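Keep in mind it's a predicted model, so treat the numbers as computed, not measured. Per chain, numbering begins at 1; letters A, B, ... match sequence-line order.
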2 protein chains.
Amino acid sequence: MTEGPGRRERKKQQTRDTLIATAARLFQERGYEATGVADIAEAADVSKRTFFLHFPTKEDVLLSDGRARLDLAIRVIEERAPGTPLRDALAASLAAMIDDTAARDLPTGMAALRARLIVESPAVQARVLHTAFAGQARIADALLDAYPDELDRTTAAAVLGAVVGAVSAAAMAALREDGDPAAVTEAMRRAAAIALTTLDSLGD
Amino acid sequence: MTEGPGRRERKKQQTRDTLIATAARLFQERGYEATGVADIAEAADVSKRTFFLHFPTKEDVLLSDGRARLDLAIRVIEERAPGTPLRDALAASLAAMIDDTAARDLPTGMAALRARLIVESPAVQARVLHTAFAGQARIADALLDAYPDELDRTTAAAVLGAVVGAVSAAAMAALREDGDPAAVTEAMRRAAAIALTTLDSLGD
DNA sequence: GAATATCAATGCACTCGGTATACTCATATA
DNA sequence: TATATGAGTATACCGAGTGCATTGATATTC
């Protein structure tokens with residue numbers, strides 16, 4: 001009895017993977033706006049209805065791995081070593097996300113595609129921002145749980161907003177200037193470092 | 001010959017104002033999602049097509065005054081007194097936006113409505129974020145123009161991202177906790193102050 | 001091993017935001 | 001008075017996303 005998911009679950013996952021790969025290819029070839037959900041479904045040989053069974057919106061097919069990355073960031077905070085200072089926990093959480101992106105997405109070219117589409121499609125941009133914002137709120141909650149004596153809810157939100165805002169904006173600026181992935185990653189790290197200084201002034 | 005816009009222009013403005021007022025009322029009464037563009041147009045006694053002649057999307061009818069506020073922020077930076085330190089210029093720009101919001105929107109109830117809709121409608125939330133992000137990039141450009149020796153493009157983006165991100169996240173958190181406008185404004189000011197400390201570490 | 005429950009996927013009709021086109025008519029201008 | 005402009009209209013259309021009833025493969029129970 002090999003554990004693991006059964007055939008049904010595996011087929012479901014396969015459908016999902018096919019949809020992601022197909023969408024990525026079509027977006028690459030024709031551009032985001034010019035590719036309809038019906039086209040993706042057609043090319044993946046499933047119904048349009050099936051697409052929406054797997055992804056709530058067209059944009060989400062691009063952000064499929066975002067939740068895993070968010071979980072990672074939160075886990076880093078929750079599983080910190082006892083006595084870890086707030087600043088270090090947040091820095092580690094950020095670094096984990098950036099490293100994970102660099103390690104997983106950059107080689108596959110997914111990061112590059114996503115970057116291109118973020119720059120060229122306002123709809124994607126809006127969706128990414130919204131997702132990031134929601135994720136940042138969850139991290140803020142985790143941080144508040146972990147350091148209840150040093151933070152209140154609004155301050156936690158402000159700190160996370162500053163950090164995520166800085167990283168996002170820097171990444172976008174770097175993307176627009178030159179798309180080199182290494183340069184973008186470096187810009188994100190620098191922005192994170194800058195924004196983390198907000199924590200140094202908290203005990204006033 | 002009274003100067004000013006002619007009758008045509010006045011009627012156009014009137015149509016626009018009617019649309020904004022009608023939309024606000026309907027959103028108030030029925031909620032955002034439950035109100036269609038067709039409903040708004042119908043209630044304002046114009047065609048649906050006319051609505052889209054005035055506003056590019058349904059969300060934009062709520063954000064009609066955003067551009068003026070952005071122009072204000074940029075003007076504050078451009079018209080700073082010679083020798084004003086970077087930090088003070090940015091702080092003044094931010095304060096001007098927050099004050100303008102408090103002064104203009106809070107009395108009319110428009111801020112309260114917008115706040116309610118931001119919290120309850122993901123679509124509005126995404127649109128507001130996107131607008132804020134685009135605006136923040138323009139302020140970053142203005143800041144870069146004003147202080148070319150102290151900033152590079154990525155750093156300017158990071159700093160503005162931190163500030164706007166902090167203020168946005170804090171405002172949202174305060175909105176969710178209790179909708180009191182004074183509390184929200186106060187949270188925004190505190191977040192701005194926190195995020196501005198990023199500037200203290202720039203000369204390293 | 002047959003009966004039954006579950007659930008991914010389907011087909012279809014529908015809503016709604018947004019657009020294209022071709023038009024009307026009041027207002028502005030010469 | 002003649003002409004040009006541009007706000008608003010009617011209509012048909014597109015694409016994203018949903019509701020609903022159905023099918024068929026896989027999982028579970030007896």
Side-chain angles (χ1 to χ4, degrees), chain A residues 1-20 22-23 26-27 30-64 117 121-128 130-131, chain B residues 1-20 22-23 26-27 30-64 117 121-128 130-131:
Chain A
M1 296 301 183
T2 60
E3 276 297 315
R7 176 173 289 146
R8 185 187 276 169
E9 195 58 33
R10 267 180 288 126
K11 289 207 170 182
K12 182 182 175 184
Q13 191 59 45
Q14 186 185 326
T15 304
R16 184 188 169 85
D17 293 344
T18 306
L19 279 169
I20 294 174
T22 308
L26 291 186
F27 289 158
R30 311 181 193 173
Y32 180 80
E33 315 285 359
T35 305
V37 172
D39 299 331
I40 300 170
E42 179 67 24
D45 198 31
V46 295
S47 75
K48 183 180 122 187
R49 202 70 190 71
T50 296
F51 178 95
F52 286 110
L53 241 96
H54 286 272
F55 307 100
T57 74
K58 181 182 167 187
E59 291 93 30
D60 281 282
V61 75
L62 282 168
L63 310 175
S64 36
L117 299 180
S121 161
V124 177
Q125 210 175 109
R127 182 80 195 181
V128 169
H130 189 235
T131 306
Chain B
M1 297 298 178
T2 60
E3 273 298 314
R7 175 174 291 146
R8 185 186 276 173
E9 196 58 32
R10 266 181 288 127
K11 289 206 170 182
K12 183 181 174 183
Q13 189 59 44
Q14 186 185 327
T15 304
R16 185 187 168 85
D17 293 345
T18 305
L19 280 170
I20 294 175
T22 307
L26 291 185
F27 290 158
R30 310 182 194 172
Y32 179 80
E33 315 284 0
T35 306
V37 173
D39 298 330
I40 300 170
E42 179 66 25
D45 198 31
V46 296
S47 74
K48 183 179 120 185
R49 198 70 188 73
T50 296
F51 178 94
F52 286 109
L53 273 161
H54 285 273
F55 307 100
T57 74
K58 180 183 168 186
E59 291 92 32
D60 281 282
V61 74
L62 283 169
L63 311 174
S64 36
L117 298 179
S121 161
V124 176
Q125 211 176 107
R127 181 80 193 179
V128 168
H130 190 234
T131 305

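- Following rounding to the nearest Å, B/K58 (NZ) and D/dA16 (P) show an atom-to-atom distance of 18 Å.
- No side-chain heavy atom of A/D60 sits under 4.5 Å from any side-chain heavy atom of A/H54.
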**Request:** Please test A/R127 against A/L62 for side-chain contact (heavy atoms from CB on, under 4.5 Å), starting from the C-alpha separation and ending with a verdict.
**Result:** CA-CA 10 Å; A/R127 182 80 195 181; A/L62 282 168; over 6 Å; no
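- Between A/P122 and A/E33 the shortest heavy-atom distance is CD-OE2, 4.1 Å.
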**Complete:** Letter by letter from the 5' end, nucleotides 24-30 of chain D scores (B base, S sugar-phosphate only, - none; protein heavy atoms under 4.0 Å) -BBS---
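- At whole-Å resolution of the value, CD in B/E42 and P in D/dT9 are 11 Å apart.
- Rounded to whole Å, atom C1' of D/dG17 lies 12 Å from atom CG of A/L53.
- Contact annotation: the side chain of B/F52 approaches that of B/V37 to within less than 4.5 Å [non-hydrogen atoms, C-beta and beyond].
- B/K12 contributes no side-chain N or O that forms a donor-acceptor pair with the base of D/dG8 under 3.5 Å.
- Each of A/D45 and B/F51 was assigned the nucleotide of DNA chain C with the nearest heavy atom; the assignment lying further toward the 5' end belongs to A/D45.
- To the nearest 0.5 Å, atom CG of residue B/L53 and atom CZ of residue B/R16 are 11.5 Å apart.
- To the nearest angstrom, P of D/dA7 lies 14 Å from CZ of B/F55.
- Remark: B/T50 is not in phosphate contact with D/dA7, judged by side-chain N or O atoms under 4.0 Å from OP1 or OP2.
- Contacts between chain A and DNA chain C, taken as any atom within less than 4.0 angstrom of a protein heavy atom, begin and end at C/dT6 to C/dC12.
- Atom-to-atom, CD of B/E33 to C1' of D/dT18 comes out at 14 Å; the value is rounded to the nearest Å.
- Between A/K11 and A/P5 there is no side-chain heavy-atom pair separated by less than 4.5 Å.
- As a whole-Å value, the separation of A/K48 NZ from D/dC14 P is 13 Å.
- Following rounding to the nearest Å, A/R49 (CZ) and D/dG15 (P) show an atom-to-atom distance of 18 Å.
- The cationic atom of B/K58 (NZ for Lys, CZ for Arg) does not lie both less than 6.0 Å from the six-membered ring centre of B/F27 and within 45° of the ring axis.
- A 4.5 Å side-chain heavy-atom check between A/Q13 and A/R10 finds every atom pair outside the cut-off.
- With rounding to the nearest 0.5 angstrom, the CZ atom of B/F55 is 5.5 Å from the CG atom of B/L19.
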